[in-house]
Amino acid sequence: MLKNYLKIAFRNLTKYKFISFINLFGLCAGLTCCLLILTYILHETSYDRYNSKADRIWRVTRSFNNPEGVVSLHLGAVAPPFGPLLKNDFPDIEQVTRILPTGPTAFHYEDKIFNEKNGYFAENNLFSVFDINLTEGDRHTALADPNSMIITRELAHKYFGDADPINKLVQLDNRINFRVTGIFEPLPENSHFHPGYLLSFNTLKDSLIYGENNLLHNWGNNAFFTYLLLPKDYPAKSIETQFPAFLDRRMGDNYGPGVKASKFTKLFLQRLTDIHLHSHLDEELEQNGDISRVYVFGAIALFILLIACINYMNLSTARSTLRAKEIGIRKVSGAGRPELISQFLCESVLIGYLAFIMATGLTVLLLPSVDDLTGLHLSVTSLLQPAVLIPALLTPILVGLLSGAYPALFLSSFQPVKVLKGLFKAGSSTASFRKVLVVAQFSISIVLIISTAIVFEQLHYMQNASLGFNKDHIVVMSYNQGLGKSFNSFRSTLLQNTHILAASRSSRIPSGRLLDEQGASTESGDSLRPVTADIKYVSVDHDFLKTYGIPIVAGRDYNRSYATDTNNFILNVAATSVLGMHDPKQLVGRSFAYGNTKGRVIGVMDNFNFESMHQKIIPMIFTMPADSVANNNFNNLSIKLAGTDIAGSLAWIEKTWQRYLPEVPFEYTFLDEKFDQLYRTEQQQGSLFTIFSGIAIFIACLGLFGLSAFTITQRIKEIGVRKVLGASTGSIVQLLSTDFLKLVAIAACIAFPIAWYAMYHWLSDFAYQIPIHWYVFLAAGFLAALIALATISFQAVRAALSNPVKALRSE
Amino acid sequence: MIKITDLQKTYRTEEVETIALNKLTFEVKEGEFVSVMGPSGCGKSTLLNILGLLDDPDGGSFIFNGIEVAHFNERKRADLRKRNIGFVFQSFNLIDELTVFENVELPLIYLGVKGPERKQRVETVLDKMQIMHRRNHYPQQLSGGQQQRVAVARAVVNNPKLILADEPTGNLDSSNGNEVMTLLTDLNEQGTTIIMVTHSEHDSRYSHRIIRMLDGQAVTENILI
């Protein structure tokens with residue numbers, strides 16, 4: 001029986017080539033999208049699972065509350081004392097391991113000097129927690145001694161060539177020698193951090209580097225990413241509930257005499273495998289993914305597949321008249337409905353498998369392009385794990401059943417009597433069902449078109465909106481402490497080039513996050529009253545506002561002729577409002593204290609977007625303490641170019657840099673590139689949306705093309721009669737197109753509220769969003785209508801131009 | 001073998017109600033060859049469809065082989081049909097996508113006959129119909145007469161007790177028509193009951209008895225010898 005089914009399925013496939021092509025191609029495109037999206041989803045959900053103890057590893061995170069109890073900051077890292085204290089106070093914890101990111105560090109070996117990124121200080125028990133493959137060296141001792149370091153093979157090759165890297169001495173930051181004690185394999189891409197080199201944690205005990213005292217008592221330096229290894233199936237929540245008591249016990253009077261630490265700070269445990277998709281804390285090791293993106297793309301995959309399945313349903317029921325005779329004959333030959341239903345399902349499953357085979361090939365071919373677009377390294381091999389492969393292989397059955405069920409039920413219900421007497425006409429009920437399906441397809445397509453347009457509109461807005469300062473022609477680089485007191489001379493040398501306008505040091509630069517905060521007090525009567533609102537600070541030097549072109553709205557900028565400016569502050573307008581002032585001028589000249597510095601507010605700058613447009617502009621203060629240089633407050637150097645001779649300016653900067661810092665590699669980026677980086681996710685999302693909505697509408701049109709071809713064939717007599725009676729070609733095209741355009745119009749009405757709702761939610765992630773314009777909806781509707789019209793009119797025009805006599809004779 | 005009493009069938013559209021069968025009563029004995037004649041729209045085809053268990057009557061009784069089948073559901077009708085009834089149509093109704101062999105094989109597949117036996121039975125009947133040499137051809141590659149012989153082969157391959165023929169020669173020239181009628185007569189002589197709807201007086205003369213219908217009723221009955 002099955003052989004007979006397959007035989008006729010194949011013969012039908014080859015006999016109706018056009019319809020078969022549409023069905024196969026549509027399903028294939030839909031399945032390809034699904035497979036591509038599936039590889040992406042598998043990649044995203046596989047993060048950190050390569051660790052054999054993944055389900056037992058938890059990360060400790062720390063939040064900070066303001067006096068009102070509102071969380072003002074939540075970091076993925078904690079202060080250094082927490083690790084050992086947790087291990088001590090909670091005996092069930094098997095291991096605690098900490099890593100501390102180092103920031104870009106200059107590696108100096110013989111004549112080679114490069115800045116290396118992705119370095120971490122790591123405790124020696126890192127290997128007992130994470131799966132890190134040490135190909136050379138001893139995992140028990142590699143990171144035990146101070147000043148030992150393990151590096152990747154790639155890094156070893158870069159510095160030592162083919163020589164044995166073990167025991168080689170490399171100078172870091174021009175001051176400390178590290179001995180290479182091991183080589184490790186780079187962590188897989190689906191890891192939430194990717195160290196290029198690991199330095200022994202014990203090195204930090206050196207007081208010249210960090211100091212044991214700091215490790216034990218510095219509660220303020222929350223930069224230590226701390227991981228716990230718990231016993232299998234251990235209820236981590238039971239530890240979490242004891243954290244407040246632990247904080248009160250261990251932090252003592254850190255928040256003032258008698259003040260419970262748990263009122264101002266909290267610790268949390270976060271599952272290692274949740275970090276990539278569920279953690280969006282203020283400080284993360286690398287940019288994480290987002291579970292909502294996984295859901296969105298999952299939904300898109302299903303929608304596209306649905307559109308392809310709808311094509312199948314539509315075309316199968318539409319050409320039911322062609323198969324009616326066969327069904328009638330089978331029925332009189334003894335076939336019951338169950339046999340016929342199985343036959344048609346068998347056909348759709350067969351087409352499902354053919355499409356699946358083609359889709360698998362296409363997926364392999366297209367994956368490299370998707371990688372280019374997303375910057376990911378997706379792997380087809382991820383599809384080969386049994387947990388994925390088996391459901392994937394069953395997908396065509398599901399697709400076949402989904403797309404074949406309705407046609408099977410419908411076709412098998414034919415009355416053989418009518419069919420075989422030639423009295424059969426596809427009823428109006430199936431015609432309306434087909435219309436519903438076309439409406440569904442176009443609704444989905446229009447939603448995708450609108451979403452694509454809005455994603456790009458928002459992206460364009462973010463990339464081009466005025467940030468409140470001029471981000472163009474600003475070169476940024478890591479500030480090197482080696483410049484020290486010679487910075488002024490360095491700056492003067494830079495400015496000798498007339499194409500260089502200004503240079504400035506700061507603790508953070510725009511495009512980064514604003515996370516640093518100290519307590520502020522403001523003048524109230526003749527004393528200082530603590531400010532409850534959060535005001536984030538940036539340490540700057542005299543030329544920061546000038547370099548960035550940030551406008552002052554009241555008071556003045558820092559000025560070298562005022563020696564006391566090192567105790568003075570500049571706030572932004574947002575800060576004036578939280579301080580209860582309406583007019584920035586009111587604030588200028590007032591006494592103000594921030595951290596340990598007491599002075600005056602000398603100026604108020606206009607609000608500007610220091611952070612990305614995802615974040616609201618928050619109250620901010622610029623400080624310029626005299627001991628900034630001594631305290632290593634500055635991490636960044638920004639240089640404003642005139643933009644007239646960029647190549648010349650960069651060459652001059654490099655020359656100057658090498659003169660002052662011959663041992664430090666010269667590396668720079670442009671600030672606008674850094675800002676563009678902030679919207680990389682949205683850029684990728686936009687590109688993917690474009691592709692997927694393009695595919696969706698393409699598949700929908702493919703179906704429409706087939707359907708219109710079919711419908712028009714059925715109306716060929718009507719067209720002939722109308723032409724004989726004097727209808728013009730135009731009027732016939734109009735007649736044939738209007739029916740379909742009505743469907744697109746209904747689809748638009750359904751799609752608009754759905755798209756609005758979806759995009760309203762998407763935009764709510766951004767602090768600064770575009771309004772949702774009505775014309776985007778209208779344009780999307782028109783675009784869909786236009787594409788549909790183009791699709792239909794091809795057939796309609798052909799029908800309208802045909803010879804009416806021929807059409808009438810065909811009766 | 002067949003006994004129908006007061007059989008009724010009415011077709012309704014939104015505006016018109018057409019009575020196709022109006023309290024029709026007659027009987028067909030096993031081994032009989034009966035022709036049903038009458039003008040277009042007199043209910044001949046409706047009758048054939050009900051007799052063939054393809055359609056159900058609105059009222060009356062239909063006893064097939066001693067069993068009341070008038071109110072059988074689709075599944076039961078299909079089951080009874082595939083074991084007992086073969087059909088021959090005016091327009092042959094062969095499946096274009098299947099070869100001669102495969103078309104004839106179809107009823108046996110639905111009967112669940114195993115492959116080797118199926119092959120042997122199909123070949124026997126194709127041989128009998130003198131169409132064996134065309135076994136791998138598709139219907140479009142055959143002449144009308146050949147197609148109708150294939151259709152007859154398909155109708156008899158499962159040895160049905162009853163063959164219902166709906167104007168079997170309507171689309172054939174006279175020599176091909178006569179050939180088909182001879183085939184039917186041979187089958188009847190071997191014991192198969194045949195009920196044939198026809199417009200052709202010539203064809204009707206092959207049967208034992210003619211039932212003439214008008215407006216859904218049997219008006220006369222001629223016994224032919």
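Residue numbering restarts at 1 for every chain, and letters A, B, ... go by the order of the sequence lines. The shown structure was predicted, so the numbers you read here are calculated from the model rather than taken from an experiment.
Put simply, OH on Y110(B) and CG on L340(A) are 5.5 Å apart, with the number rounded to the nearest 0.5 Å. Put simply, CD on E326(A) and CG on N93(B) are 11.5 Å apart, with the number rounded to the nearest 0.5 Å. Atoms CD1 and CD, from I8(A) and E102(B) in turn, are 8.0 Å apart once rounded to the nearest 0.5 Å.
No donor-acceptor distance shorter than 3.5 angstrom exists from the side chain of K325(A) to the backbone of D96(B), with no hydrogens or angles considered. A donor-acceptor pair under 3.5 Å links the side-chain atoms of R11(A) to the main chain of E97(B), judged by distance alone.
Between chain A and the options T46(B), L48(B), I109(B), L80(B), the largest number of non-hydrogen pairs under 4.5 Å is found for I109(B). In terms of non-hydrogen atom pairs under 4.5 Å with chain A, the most contact-rich of L94(B), I85(B), D79(B) is L94(B).
Contact of R330(A) with chain B is made through backbone and side chain together, with heavy-atom distances under 4.5 Å. For a residue to count as touching a neighbouring chain, one of its non-hydrogen atoms must lie under 4.5 Å from one of that chain's; by this rule K3(A) does not touch chain B. Neither the backbone nor the side chain of R83(B) comes within contact range of chain A, judged by heavy atoms closer than 4.5 Å.
Atom NZ of K15(A) has more than 12 neighbouring heavy atoms from other residues, nucleotides or ligands inside a 6.0 Å radius.
Looking only at side-chain heavy atoms (C-beta outward), K331(A) and K82(B) stay at 4.5 Å or farther from each other. Using a 4.5 Å cut-off on side-chain heavy atoms (C-beta onward), F89(B) and V332(A) make contact.
Of all heavy-atom pairs between A78(B) and A335(A), the closest is CB-O, 4.5 Å.
With S333(A) as the fixed residue, the side-chain contact (heavy atoms from CB on, under 4.5 Å) test singles out one of I95(B), V157(B), L106(B): L106(B).
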